[in-house]
Amino acid sequence: RILTSRGQGTLQGLVGHQRQKRSSTDQNFAVSFAMRVVIMLALVGLAMPAYGDVAQCTKDMEAMIQSPEALAVFAHWGTPPAGLTDLYWLGDFDGCKAMHPLHYCLLTRPVRPPGYPYEVPLKYGMCVPASCKADDGSLLHSLNGVEADVIELIKNKMHIPLPFNGTDLESGSSIACADPSEMVPGAVATITLCAVLGFFVFVSTMVDAWAAARKGWADLQRKAADSSNISVNGGSDDEPMLFSVVPGDAGARNKPEGVARRLLASFSLWRNLPKFLNTAKNAQNIDCLNGVRVLSMMWVVLAHSYLWLLQTGLANPTIAQTWGERFSFQIVSNGFFSVDSFFYMSGFLVTYGIIKSLNRMSKFPYVKYVVHRYLRLTPTYGFCLLVYYWLGRYIGEGPNFSTYQYPPHKCGDYWWTNMLYIQNFYPYAPGLDMCMGWSWYLAIDMQLFIIAPLLVIPLYKYKWKGTLLLSFVFIACLASTFAISYTNHLRGNFLAGLFGEAPRKGAGDYASLIYIKPYTRAAPYLVGIVTAFAVVSARNKRAEGTWRPLALWQVIAGHITALLLLFAAQFGLSGELHAGGLSADVSQVGDSFYITFSRMCWGIALGWLTYACDCGYTGVVGRFLEGSVFSPLARLTYTAYLIHPVILDTVYGSEKMAPYMDDQLQIVRYFGLICIVYMAATCITLGVEFPVGQVEKVLLGGGKK
């Protein structure tokens, strides 16, 4: 009321006004105003902390208001903009941080402005005494009436038609304070682990350098080159994100090294860098998959960079309403096809490896097959989980980053589900995040990996019976996907999920029902199995001299069909999104049909690309995808996937102001993120993934090389 009568449009305007007029009357007014508004706003989740002394908080708040610095403190609070396009009233984070012993807190609550088809978060920054702690909702219900006064003040003065009142603040609201995170035992243990790994890398590299000085650089360089004879298409690991890093016959022409020496040498940069940078071609590999792997990983980062930007909040959020109308934005909204590329490659590589094993032995070593995969994936996965859970809170600072300072309880309670690769089934439920929410891919991939031999071996040994079994599984997966999407009224365009609103009445949760379940994501994996048999058959015929190349018209028809399938999957529902929300032009049957068959079409297109590359039908496209530059980058795919969300959390969470969204700025953000992600992935690959792979080989192989 006082703000309205005095005519000060913003809090900063009031501060400037008070600095110009120092009369006692104006000073009394300023203190009176500050006491009314600060107390009123401070009560929004802070005057009654969840932990700490309530009386001390109240006492410190009163002292702050009565101090000569009250107006300076209040100037750091968030203020509403001139219109309703910006709902991120973050205030001055750095200014509040400099005013010890105050700290910065951020209130977040969902609102639905006029004309919006979905809810968006309203964020409000406050600078309060450090004794006032934050709570995520246990006491917010007592503040509803107070917040109603705040809303009414904003409406009357700023003429902003906020479409909510002061009730139900507790529902969906949260408060987080940017307090320095205390060093907890888990963080100390993780830092110690990083230091130990770094120590082994340093010592091992120095030992090799000392050996080089004694025996000569040429001999050690030759040994390193020998050890660089590795697969660049997954090798025995059969994993599109993972590479075999087991050295070749290193040291066969030298004095054998003992187990202890080989274990230490596993960490040597001198030996691991040649493996990492190796660009040698191998006739047994499908080299074009390197390019597919790298481009798919970069596509994942692109889609997630937009998703994280939306979650952080935009200074111009209304632009998000028009994104769906842009044809090109389907590359982002349908970015999940990048993961389907990995599922396809995993199915292909798993099958290719199993066929090679069956050609060498009559009995497939299933237990060794599963154990080897688990040991190759899990240590690096566990290391990244430790970094995310224990160290993520220390590597950023900003208004939004305060929400990351509170570690996700799912990791503390259910980390073991990640280590067992079952987190996509337990304890995940709609509205609840799993530990490392992006790790659902690893769970599905491991589950399909375990099942794959049960489909591949019958197809290898009993052609028609195996074909019937694979066909039955394929049809069952497609039928279940259609039934789930139809009965749960799901939209075909995944963009609906980005805004958190069910686009149809009674619609289920797309993520828990479709996105993270193996039976609904298996189609491209199964296509990869079929493609591997086709490629092996073609190679065998070429070796036997019975190969008949495809006619030119067949090759052209294959290319055109693959492009049409890619186009239909990627852009098939581009007209379903409009600025006012999701249109109803597509029927439920059409949406369910798209959800069911789009991933299969994507896999078939990649299957043709793989087959055409191996047969030499891809021309300049194949030569590009087989480029040597992709080989080292492809070795970073697994660790880049694991660590990139931690980088996005840090970068976007540390934004001191609501970011402005336009194409040019996002291009700059994206390429900066790509560089940071791949630098971090390089450190983890050379410090953890490569050493773990070689340690596993030494320990399981036993004896001397």
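Note that the numbering runs from 1 along the sequence shown for the chain.
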Exercise for the section: Carefully, step by step, assess Gln447 and Asn424 under the rule side chain to side chain contact (heavy atoms under 4.5 Å, CB included). Expected result: CA-CA 10 Å; Gln447 292 154 11; Asn424 59 327; 2.9 Å; yes
Practice task
List the steps and the verdict of side chain to side chain contact (heavy atoms under 4.5 Å, CB included) for Val692 and Glu689.
Solution key: CA-CA 5 Å; Val692 163; Glu689 184 192 346; 5.9 Å; no
Exercise for the section: Please lay out, stage by stage, how Trp602 and Phe337 fare under the test ring-ring contact (aromatic ring centres under 6.0 Å, His included). Expected result: CA-CA 7 Å; Trp602 188 266; Phe337 285 120; 4.9 Å; yes
Practice task
Report the C-alpha separation of Thr417 and Phe425 in whole Å, then their side-chain angles, then the decisive distance to 0.1 Å, and conclude whether the side chain to side chain contact (heavy atoms under 4.5 Å, CB included) test is met.
Solution key: CA-CA 9 Å; Thr417 63; Phe425 284 101; over 6 Å; no
Handout entry: Criterion ring-ring contact (aromatic ring centres under 6.0 Å, His included) on Tyr515 and Trp440, from CA distance to verdict
Key = CA-CA 9 Å; Tyr515 200 70; Trp440 62 267; 4.7 Å; yes
Exercise for the section: Apply side-chain hydrogen bond (donor to acceptor under 3.5 Å, both in side chains) to Asn359 and Tyr460, showing your working. Expected result: CA-CA 10 Å; Asn359 288 337; Tyr460 178 86; 2.6 Å; yes
Handout entry: Worked verdict on Ser341 versus Leu606 for side chain to side chain contact (heavy atoms under 4.5 Å, CB included)
Key = CA-CA 8 Å; Ser341 298; Leu606 291 181; 3.5 Å; yes
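Here the shortest heavy-atom pairing between Met345 and Arg293 reads CE-CA, 3.9 Å. Counting all heavy atoms, side chain and backbone alike, Asn290 lies closest to Ala634 at OD1-CB, 3.9 Å. Lys281 approaches Gly627 most closely through the heavy-atom pair NZ-C, 4.3 Å. The shortest non-hydrogen separation linking Leu358 to Ile457 is CD1-CG1, 4.2 Å. Closest non-hydrogen pair, Val300 versus Val339, comes out as CG2-CG2, 4.4 Å. Nearest heavy-atom pair across Ser628 and Pro632 is O-CD, 3.3 Å.
In this structure, Phe671 CZ and Met298 CE are separated by 8.0 Å, a value rounded to the nearest 0.5 Å. In this structure, Leu642 CG and Leu385 CG are separated by 9.5 Å, a value rounded to the nearest 0.5 Å. For the atom pair SG of Cys411 and OH of Tyr414, the computed distance is 12.5 Å after rounding to the nearest 0.5 Å. Atom SG of residue Cys288 and atom CZ of residue Arg623 lie 13.0 Å apart, to the nearest 0.5 angstrom. Going from atom CG of Leu307 over to atom CG of Leu302 covers 11.5 Å, rounded to the nearest 0.5 Å. Taken from CG in Leu442 to CZ in Phe342, the straight-line distance is 11.0 Å, to the nearest 0.5 Å.
Put simply, the side chain of Met434 does not reach to within 4.5 Å of the side chain of Asn418, judged on heavy atoms. Looking only at side-chain heavy atoms (C-beta outward), Val292 and Leu609 come within less than 4.5 Å of each other. Under the 4.5 Å side-chain criterion, counting only non-hydrogen atoms from C-beta, Gln694 is in contact with Asn272. Arg360 has its side chain within reach of Ser357: a pair of non-hydrogen atoms, C-beta onward, lies under 4.5 Å apart. Inter-residue side-chain proximity for Phe364 and Tyr369 is flagged as met; some heavy-atom pair is nearer than 4.5 Å. Taking the side chain as every heavy atom from C-beta outward, Pro645 and Tyr388 never approach each other to under 4.5 Å. Contact annotation: the side chain of Phe348 approaches that of Val535 to within less than 4.5 Å [non-hydrogen atoms, C-beta and beyond]. Here the side chains of Thr351 and Phe533 are in contact, with some heavy-atom distance below 4.5 Å.
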Quick one: side chains of residues 185-205, donor-acceptor pairs under 3.5 Å with protein atoms, not counting sequence neighbours, listed by atom name and distance.
{"residue": "Thr190", "atom": "OG1", "partner": "Gly186", "partner atom": "O", "Å": "2.9"}
{"residue": "Thr192", "atom": "OG1", "partner": "Val188", "partner atom": "O", "Å": "2.7"}
{"residue": "Ser204", "atom": "OG", "partner": "Leu264", "partner atom": "O", "Å": "2.6"}
{"residue": "Ser204", "atom": "OG", "partner": "Ser268", "partner atom": "N", "Å": "3.1"}
{"residue": "Thr205", "atom": "OG1", "partner": "Val201", "partner atom": "O", "Å": "2.7"}
{"residue": "Thr205", "atom": "OG1", "partner": "Leu269", "partner atom": "N", "Å": "3.0"}

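Between Phe267 and Phe690, the distance separating the two ring centers is not shorter than 6.0 angstrom.
Taking 4.0 Å as the cut-off between side-chain N and carboxylate O, Arg373 and Asp445 count as a salt-bridged pair. Between Asp208 and Arg261 there is a salt bridge, since a side-chain N of the basic residue sits under 4.0 Å from a carboxylate O of the acidic one.
A donor-acceptor pair is defined here as one N or O able to donate and one able to accept, closer than 3.5 Å; such a pair exists between the side chain of Tyr652 and the backbone of Ser305. Looking only at distances, a side-chain donor or acceptor of Ser338 sits under 3.5 Å from a matching main-chain atom of Gly335. Ser654 contributes no side-chain N or O that, together with a main-chain N or O of Gly398, makes up a donor-acceptor pair within less than 3.5 Å. No side-chain donor-acceptor contact under 3.5 Å links Lys461 to the backbone of Val456. With hydrogens and angles ignored, the 3.5 Å screen pairs a side-chain donor or acceptor of His644 with a backbone N or O of Tyr641. Between the side chain of Thr520 and the backbone N or O of Ile514, at least one donor-acceptor pair lies under 3.5 Å. Side chain of Lys463 to backbone of Leu459: no donor-acceptor contact under 3.5 angstrom is found. No donor-acceptor distance shorter than 3.5 angstrom exists from the side chain of Tyr670 to the backbone of Val301, with no hydrogens or angles considered. Put simply, the side chain of Asn282 gets close to the backbone of Gln284: a donor and an acceptor are under 3.5 Å apart. For Arg669 (side chain) and Leu309 (main-chain N/O), no donor-acceptor pair under 3.5 Å exists by modelled atom type.
When the shell of 6.0 Å around CD of Glu182 is examined, it contains 12 or fewer heavy atoms from other residues, nucleotides or ligands. Atom CH2 of Trp415 sits in a sparse spot, with 12 or fewer heavy atoms from other residues, nucleotides or ligands closer than 6.0 Å.
Each of Trp438, Tyr638, Tyr441, Tyr421 was evaluated against Tyr381; a single residue qualifies, Tyr421, per the ring-ring contact (aromatic ring centres under 6.0 Å, His included) test.
In the model, Thr685 has a side-chain atom that pairs as donor or acceptor with a side-chain atom of Thr639 under 3.5 Å. Residues Trp547 and Asn540 bring no donor and acceptor atom of their side chains to less than 3.5 Å of each other.
At least one test fails for Arg393 against the ring of Phe401: distance under 6.0 Å to the centre or angle within 45° of the axis.
For residues 603-622, the set of pairs meeting the side chain to side chain donor-acceptor pair (under 3.5 Å) definition, not counting sequence neighbours, comprises Tyr344-Thr610, Arg539-Asp614, Arg542-Asp614, His559-Trp608.
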